[in-house]
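I have placed the structure first, in the form of structure tokens, so that the comments after it can refer back to it.
All chains are named by letter (A, B, ...) in the order of the sequence lines, taking the proteins before the strands, and each is independently numbered beginning at 1.
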Amino acid sequence: MLLQEFTNKLKTEICQNINNAFSDVEDISPDAIQFSAPPNSDMGDYAIACFPFAKALKKAPVAIATDIAANFTPSSLVSKMQAVGPYINVFINKTLFSEVVCRTVMKEEKDYGRGEKKNKTVMIEYSSPNTNKPLHLGHLRNNILGMAIANILDFYGYEVIKVNLVNDRGIHICKSMLAYEKWGNGETPESCGEKGDHFVGKYYVLFDNKLEEEKQQCAKDQKIDLEKLATEIGDLKKQVRNCKDAAQKKELRKKLKDTEKSVEDFNNDFLSNSKLYGDALAMLKKWENNDAEVRALWKKMNAWVMDGFHETYGKLGCEFDKFYFESDTFSLGKKHVEEGAQKGVFAKHDDNSIWVSGESLKKQDSKTFKKFSPKDKLLLRADGTSVYITQDIGTTILKHKDKELDQCLFVVGEEQELHFKTLFSILGILDFSWWEKCRHISYGMVNLPEGKLKSRKGTRVDADELVKEMEQRVVDIITANEKIDIEEDQIANVAEDIALAALKLFLLNISREKALLFDPHKAISSDSGDSAGKSGAIAFTGDTGPYIQYGYARICGIFRNANATATTEVDYAILHSKEEQAVLQKVADFPQAVANAAENDSPHFITTYLLDLTKLLFKFYGVHQVISDDEETKQARLLLCKVVAQVIHNGMKLLGMNVPERM
RNA sequence: AGGGGAGUAGCUCAAUCGGAUAGAGCAACGGUUUUCUAAACCGUAGGUUGUGGGUUCGAGUCCCGCCUUCCCUGCCA
């Protein structure tokens, strides 16, 4: 008997017991049985709350529980049912349960926890980088989350297509191109030994610095003190917040708005007169007109960046079945927008720009836009050049042309929620029946103690550097600890596995939609043993990836030392202790954790599951000796360890983490 | 101003469909190594779940108000 069958049988049996106790009313179906865990394991293996039955059975929950317990007849599965208040606590046959769990895991191995084939295809877009700068911590959250969700959906039984939409076109790309052209002196990543994405990113920052210089000069010439205005705005915001008097508040608001307007006006004025920005725009125009020289530079620099990205993806274990490039898809979007204007579902203004009205967005998706009316949205500029949403229209249409999809997912940060609501509604307006199968998988921002991550300012945490630093810390820990027995040439590999697991679990272990706080100062000095280090944002002890890996490595160590293998032909009655049963219960829960993660697009169900499992493993480990003089005991416990190792392996794989055998 | 999140222990976070005494980790304090790796284990302490109402057998969870905070409301991406 396998686990699934056991659970079904258990529910049926319990159901029969309930129905026997209440023969005069309509039967309860096994699906209505909801297992939960009693507050502690002495009270039983499963708990069933009787509140939901109260209506059908026309009795108080407490009375229902007592009646069920009174009418209970023991079976091979269930040994006891005990009423405690409105709860029924179920004691199961531990020997049988242990055997069922162990045999199931040992039989299914890598497939333990796998969901049934759904015969449905899901496309998941994630990463979606801009090719003008290297990846930072915010991108890491996206990449690691996206990859984990893709793995989980695949394991749950979907056919999953992982795609990356590369934002390789637009004014931001031209900025780094222009800076390189002006100040690059023909350098290449090779010539200065830099990773391609970092190399290009340098010029993106350079452009921004030069533009800022120009702006400061311009402000000085016009005798405008931008700094003063900024502090003024800050002060006004504070005053507005603290102001109690309504009339005064209104006045302050007006003043604030005026000040903000003056800054905005200055900025707009500056940009439209800026030589540097004008050059970038001119370059964009040239790009759109297929200027050979600009296109050649664009190709060269994009290739550098993509080389760098591929290296980082390889390191992180991010994989893609297909790359879409905005430069290939924006014209398809343009075409559909123009057709929409022709059909009359979009509005063409006198200046030839094309718009979708807020009204029609609302009409198309009245559920999403129930509580507010969106503003009209520009789809194509007057000069015919496309905006951000234009290419997404094209890309999404192309995705559905390439493959018939049952779900089309976008792993993108929460700041783009309105963008995707608008996009999906537009696709509906364009009469694509699949528009409702599109879903934005939104996730929270990554923040530093000082605020937002900003690529152009100094406040960024570079992805490559972060990983490198963490690896070095692990190497230091390994070298400092004499007890760790790893071949010299393996240290780098193991350090990489551990550093990445620490990073990934840190990013995946909080709810997807929640913002994430990262304190780099605490993270970096974490191996020196000082107290500041121990509170590090990405630690290697406690609830971490390495903790789970350590549990796995310890099990490997046991098998290695005992030169043993596991067999399912053991005396399952040995595994009766509280600790052993807790572990096996947890092992049995793995398929449910996978289902929860898949159905909510939330890997954190897996991370919390694995941490719980590992804690129970160590708890067991602390109380019971695996390699014991008694051969029967040894065999049974070895099997238990083997089963746990298998589940850790399966779960960690879903999260994109390796499990080293020594650490 | 409007729309959407969030607010739980000193810090970072959990908490199945609304269910039994709100849990972990870190930080603090105390203990564990001649026994399978101390990246571990055990113990102590730490809470009016932002706030005020409501719904009911029962609310961190659902509804309404308020406070705080983040995001969005670009011819940026």
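Using C1' as the reference atom, B:U51 and B:G31 are 42 Å apart when rounded to the nearest Å. On the P atoms, B:U44 is 11 Å away from B:A24, given to the nearest whole Å. Separation of the C1' atoms belonging to B:A39 and B:C26 is 14 Å when rounded to the nearest angstrom. Atom C1' of B:C36 sits at a distance of 44 Å from the matching atom of B:U61, rounded to the whole Å. With both ends at atom C1', the span from B:A45 to B:G7 equals 25 Å, rounded to whole Å.
The ring of A:F540 has its center no closer than 6.0 angstrom to the ring center of A:Y550.
When atom types are taken as modelled, the side chain of A:S127 and the backbone of A:P129 share no donor-acceptor pair closer than 3.5 angstrom. In this structure, the side chain of A:N89 engages the main chain of A:M43 through a donor-acceptor pair within 3.5 Å. With hydrogens and angles ignored, the 3.5 Å screen pairs a side-chain donor or acceptor of A:T614 with a backbone N or O of A:L610. Within the 3.5 Å criterion, the main-chain N or O of A:T422 finds no donor-acceptor partner in the side chain of A:S425. The backbone N or O of A:A382 lies less than 3.5 Å from no partner atom in the side chain of A:D351, so there is not a single donor-acceptor pair.
Comparing A:N89 and A:Y277 by the nucleotide of RNA chain B that holds the closest heavy atom to each, the one mapping nearer the 5' end is A:N89.
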Summary of protein contacts for nucleotides 59-64 of chain B, nucleotide by nucleotide, where a base hit scores B, a sugar-phosphate-only hit scores S (4.0 Å, heavy atoms): ------
Watson-Crick or G-U pairs under 3.5 Å in RNA chain B, rendered as dot-bracket with [ ] for crossing pairs and | for another strand: (((((((..((((.....[...)))).(((((.......))))).....(((((..]....))))))))))))....
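The side chain of A:Y547 has B:A40 as its nearest neighbour among B:C75, B:A40, B:A20. Minimum atom distance to the side chain of A:Q625 is reached by B:U35, of the listed B:U35, B:U37, B:A40. Nearest nucleotide to the A:E415 side chain, out of B:A20, B:C72, B:A39: B:C72. Proximity note for A:H172 (side chain, C-beta onward) versus B:A20, B:A77, B:U37: the nearest is B:A77. Closest to the side chain of A:D543, out of B:U33, B:A24, B:A39, is B:A24. With distances taken from any side-chain atom of A:R381 to the nucleotides B:C70, B:A77, B:U37, the minimum falls on B:A77. Side chain of A:F372, nearest nucleotide from B:A40, B:C72, B:G3: B:G3. When distances run from any side-chain atom of A:L378 to the nucleotides B:C75, B:U37, B:U16, the shortest one goes to B:C75.
Base contact: A:I627 has a heavy atom under 4.0 Å from a base atom. If you check every strand for non-hydrogen atoms under 4.0 Å, A:A47 touches a base. At a threshold of 4.0 angstrom between heavy atoms, the contacts of A:M445 with the nucleic acid are absent. Within 4.0 Å (heavy atoms only), A:G542 reaches sugar-phosphate atoms of the nucleic acid but no base atom. At the heavy-atom level, A:N481 lies under 4.0 Å from the strands shown only through sugar-phosphate atoms. In this structure, A:H349 reaches neither bases nor backbone, as no heavy-atom distance under 4.0 Å exists between it and the strands shown. Contacts of A:A553 with the nucleic acid, taken as non-hydrogen atoms under 4.0 Å apart, include base atoms. As judged by a 4.0 angstrom heavy-atom cut-off over every strand, A:D351 is placed among the base-contacting residues. At a threshold of 4.0 angstrom between heavy atoms, the contacts of A:I498 include nucleobase atoms, whether or not backbone atoms are also involved. Within the 4.0 angstrom heavy-atom criterion, base atoms lie near A:E661. Residue-level contact check: A:L638 touches neither bases nor backbone, having no heavy atom under 4.0 Å from any strand. Among the heavy atoms of the strands lying under 4.0 Å from A:Q416 is at least one base atom, whether or not backbone atoms are also near. Looking at heavy-atom distances under 4.0 Å, A:Y388 makes contact with a base.
A:Y621 is linked by a ring-ring contact (aromatic ring centres under 6.0 Å, His included) to nothing, counting only residues two or more places apart in sequence or in another chain. By the side-chain hydrogen bond (donor to acceptor under 3.5 Å, both in side chains) test, A:N447 is found to be paired with no residue, residues two or more places apart in sequence or in another chain being considered. Qualifying side-chain hydrogen bond (donor to acceptor under 3.5 Å, both in side chains) partners for A:K59, counting only residues two or more places apart in sequence or in other chains: A:D67. Shown here are the side-chain contact (heavy atoms from CB on, under 4.5 Å) partners of A:Q416, two or more places apart in sequence or in another chain: A:Y388, A:V412, A:H419, A:F420. In this structure A:Y277 satisfies the ring-ring contact (aromatic ring centres under 6.0 Å, His included) test with no other residue, sequence neighbours excluded. Partners of A:R637 under the side-chain hydrogen bond (donor to acceptor under 3.5 Å, both in side chains) rule, at least two apart in sequence or in another chain, are A:E580, A:H624.
One finds a side-chain N or O of A:Y550 lying less than 4.0 angstrom from the OP1 or OP2 phosphate oxygen of B:A39. Checking the phosphate oxygens (OP1, OP2) of B:A38, a side-chain nitrogen or oxygen of A:R554 falls inside 4.0 Å. For the pair A:K375 and B:G74, the criterion of a side-chain N or O lying under 4.0 Å from OP1 or OP2 is met. In terms of phosphate contacts, A:K483 brings a side-chain nitrogen or oxygen within less than 4.0 Å of OP1 or OP2 of B:A38.
Distance OH (A:Y621) to P (B:U32): 19 Å, rounded to an integer number of Å. A:F540 places its CZ atom 15 Å from the P atom of B:C26, with the value rounded to the nearest Å. Atom-to-atom, CD of A:E513 to P of B:A6 comes out at 7 Å; the value is rounded to the nearest Å. Atom CD1 in A:I477 sits roughly 10 Å away from atom P in B:A40 (whole-Å rounding). If you take CD of A:Q549 and P of B:A40, they are 12 Å apart, rounded to a whole angstrom. Put simply, CG on A:L616 is 11 Å from P on B:A24, counting in whole angstrom units. The nearest whole Å value for the distance from the CZ atom in A:F330 to the P atom in B:C76 is 16 Å.
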Table of protein N/O atoms under 3.5 Å from nucleotides 13-15 of chain B N/O atoms:
{"residue": "B:C13", "atom": "OP1", "partner": "A:L517", "partner atom": "N", "Å": "3.4"}
{"residue": "B:A14", "atom": "OP1", "partner": "A:S511", "partner atom": "N", "Å": "2.5"}
{"residue": "B:A14", "atom": "OP1", "partner": "A:S511", "partner atom": "OG", "Å": "2.5"}
{"residue": "B:A14", "atom": "OP2", "partner": "A:K514", "partner atom": "NZ", "Å": "2.5"}
{"residue": "B:A15", "atom": "OP1", "partner": "A:H604", "partner atom": "NE2", "Å": "3.1"}

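Screening residues 42-52 of chain A for side-chain hydrogen bond (donor to acceptor under 3.5 Å, both in side chains), with sequence neighbours left out, gives no hits. Counting only residues at least two apart or on different chains, the side-chain hydrogen bond (donor to acceptor under 3.5 Å, both in side chains) pairs with a member in residues 498-515 of chain A are A:N509-A:T607. Contacts classified as salt bridge (Lys or Arg N to Asp or Glu O under 4.0 Å) and involving residues 374-384 of chain A (residues at least two apart or in different chains) are given here: A:K285-A:D383.
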